[in-house]
Protein chains: 2
Amino acid sequence: MRYSRQRELILEIVMGTDSHPTADWVFQQARKQMPEISLGTVYRNLKRLATNGNVRTINDGTVVRYDWDQEPHDHLKCKICGDLMDVHLLEEDIRKSVREKYNFEVDDVEMTIIGTCNKHNTIMEEK
Amino acid sequence: MRYSRQRELILEIVMGTDSHPTADWVFQQARKQMPEISLGTVYRNLKRLATNGNVRTINDGTVVRYDWDQEPHDHLKCKICGDLMDVHLLEEDIRKSVREKYNFEVDDVEMTIIGTCNKHNTIMEEK
DNA sequence: AATAATAATAGGAATCATTATTATTTATTG
DNA sequence: CAATAAATAATAATGATTCCTATTATTATT
Ligand SMILES: [Mn+2]
Ligand SMILES: [Mn+2]
Ligand SMILES: [Zn+2]
Ligand SMILES: [Zn+2]
């Protein structure tokens with residue numbers, strides 16, 4: 001795979017955020033620095049970066065998000081603000097348990113925990 | 001909400017399978033018994049049955065599947081045959097841990113474990 | 001049973017995220 | 001610098017799902 005300015009920029013953008021961005025968000029950022037870049041190029045390169053192991057993909061309902069953090073971890077999704085936040089738990093227990101109980105060879109655990117994040121705490125309203 | 005023959009059929013089809021069907025699969029089954037039913041009707045009613053709590057939805061990558069089983073449980077997805085199978089594990093531990101450690105109010109845990117199911121066991125090939 | 005009120009449907013258009021196509025541009029190599 | 005082929009930009013196509021609207025079916029009322 002040979003070098004391209006657009007791929008370098010795309011990777012830099014994903015590396016520079018914790019927001020688990022979509023292809024379209026990356027595209028909006030990228031065109032600020034490179035106005036002629038096309039959305040197809042962003043999709044193509046994000047996919048390639050994912051198969052190369054430079055970034056990882058997250059399925060957020062019906063859209064795909066990208067995450068520079070390759071460590072096995074899961075996500076909390078706030079149903080109010082839609083934010084995804086990282087959470088590290090029990091990954092190894094889950095893998096072990098599934099292997100032993102279900103005879104299923106685990107590659108990857110995808111967990112999204114849906115709820116309400118602490119930005120929307122009810123405590124504040126108790127004035 | 002008033003009765004409709006098509007909604008009754010749609011629910012019956014979802015209730016009658018463990019395959020975690022998509023809207024399109026339900027549509028294909030439904031039209032065998034009711035050839036004039038439309039795909040939009042299937043989508044509309046599956047969504048309604050889900051909000052009514054008659055069925056639950058599963059995000060399988062980019063497509064939505066439906067599950068009659070309302071018990072909290074997770075799914076193993078085989079990367080070879082694409083099948084989804086039910087798995088029951090640790091749900092309460094996960095909820096508790098997230099509440100305590102992250103101050104995040106949990107509504108629902110969505111977990112998909114990706115790997116290879118035992119239909120593709122390598123033991124069989126060791127002849 | 002006929003009538004009225006209106007919820008639900010069929011069929012098709014529209015939308016949204018993503019992928020495919022292709023002519024043109026660009027990185028790489030001798 | 002020229003040749004080669006990989007990557008891009010622009011745009012068309014796709015697939016899943018939702019939306020629109022004229023027509024039909026269900027339910028309540030005479
Ligand atoms: Mn993450
Ligand atoms: Mn299930
Ligand atoms: Zn929030
Ligand atoms: Zn399998």
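Every chain is numbered from 1 and lettered A, B, ... according to where its sequence line falls, protein lines coming before strand lines.
- The distance between atom CZ of B:R7 and atom C1' of C:dA7, rounded to the nearest whole Å, is 9 Å.
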Problem - 5'-to-3' dot-bracket of DNA chain D (Watson-Crick, G-U; under 3.5 angstrom; crossing pairs as [ ]; | other strand) - result: ||||||||||||||||||||||||||||||
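- Residue pairs meeting the salt bridge (charged side-chain N to carboxylate O under 4.0 Å, His left out) criterion with at least one partner in residues 28-38 of chain A, sequence neighbours excluded, are A:R5-A:E36.
- A salt bridge is defined here as a Lys NZ or Arg NE, NH1 or NH2 lying under 4.0 Å from an Asp or Glu carboxylate O, and A:R56 with A:D69 fails to meet this definition.
- Residues passing the side-chain contact (heavy atoms from CB on, under 4.5 Å) test with A:D86, sequence neighbours excluded: A:H20, A:D67, A:H73, A:H75.
- In this model, no donor atom of one side chain and acceptor atom of the other lie less than 3.5 Å apart for A:R48 and A:T51.
- Ion pairing between a basic and an acidic side chain is recognised when a charged N comes within 4.0 Å of a carboxylate O; A:K77 and A:D60 show such pairing.
- B:D83 has a carboxylate O that lies under 4.0 Å from a charged side-chain N of B:K119, or vice versa, which qualifies the two as a salt bridge.
- A salt bridge is defined here as a Lys NZ or Arg NE, NH1 or NH2 lying under 4.0 Å from an Asp or Glu carboxylate O, and A:K96 with A:E92 fails to meet this definition.
- Atom pair A:M34:CE and D:dT8:P shows a separation of 10 Å (rounding to whole Å applied).
- The side chain of B:S38 lies closest to C:dG11, out of C:dA8, D:dA9, C:dG11.
- Taking Ile, Leu, Val, Met, Phe, Trp and Tyr as hydrophobic and joining them when side-chain heavy atoms fall under 4.5 Å apart, one finds A:M34 in a cluster with A:L9, A:I10, A:L11, A:I13, A:V14, A:M15, A:W25, A:V26, A:F27, A:I37, A:L39, A:V42, A:Y43, A:L46, A:L49, A:V55, A:V64, A:Y66, A:W68.
- In terms of the salt bridge (charged side-chain N to carboxylate O under 4.0 Å, His left out) criterion, A:R7 has no residue partners (sequence neighbours excluded).
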Fill in the blank from the handout: Its contact letters, B for base, S for sugar-phosphate only and - for none at protein heavy atoms under 4.0 Å, make nucleotides 18-30 of chain C read BB------BBS--
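- Atom P of nucleotide C:dA7 and atom CZ of B:R48 are separated by 10 Å, given to the nearest angstrom.
- The interatomic distance linking B:L49 (CG) with C:dA8 (P) rounds to 12 Å, in whole Å.
- Atom CD in A:E36 sits about 10 Å away from atom C1' in D:dT8, given to the nearest Å.
- Between B:N52 atom CG and C:dA8 atom P the separation is 10 Å, expressed in whole Å.
- Distance CZ (B:F27) to P (C:dT9): 14 Å, rounded to an integer number of Å.
- A straight line from CG of B:D60 to P of D:dT17 spans 10 Å, rounded to a whole angstrom.
- Nucleic acid contact class of B:R31 (heavy atoms, under 4.0 Å, all strands): none.
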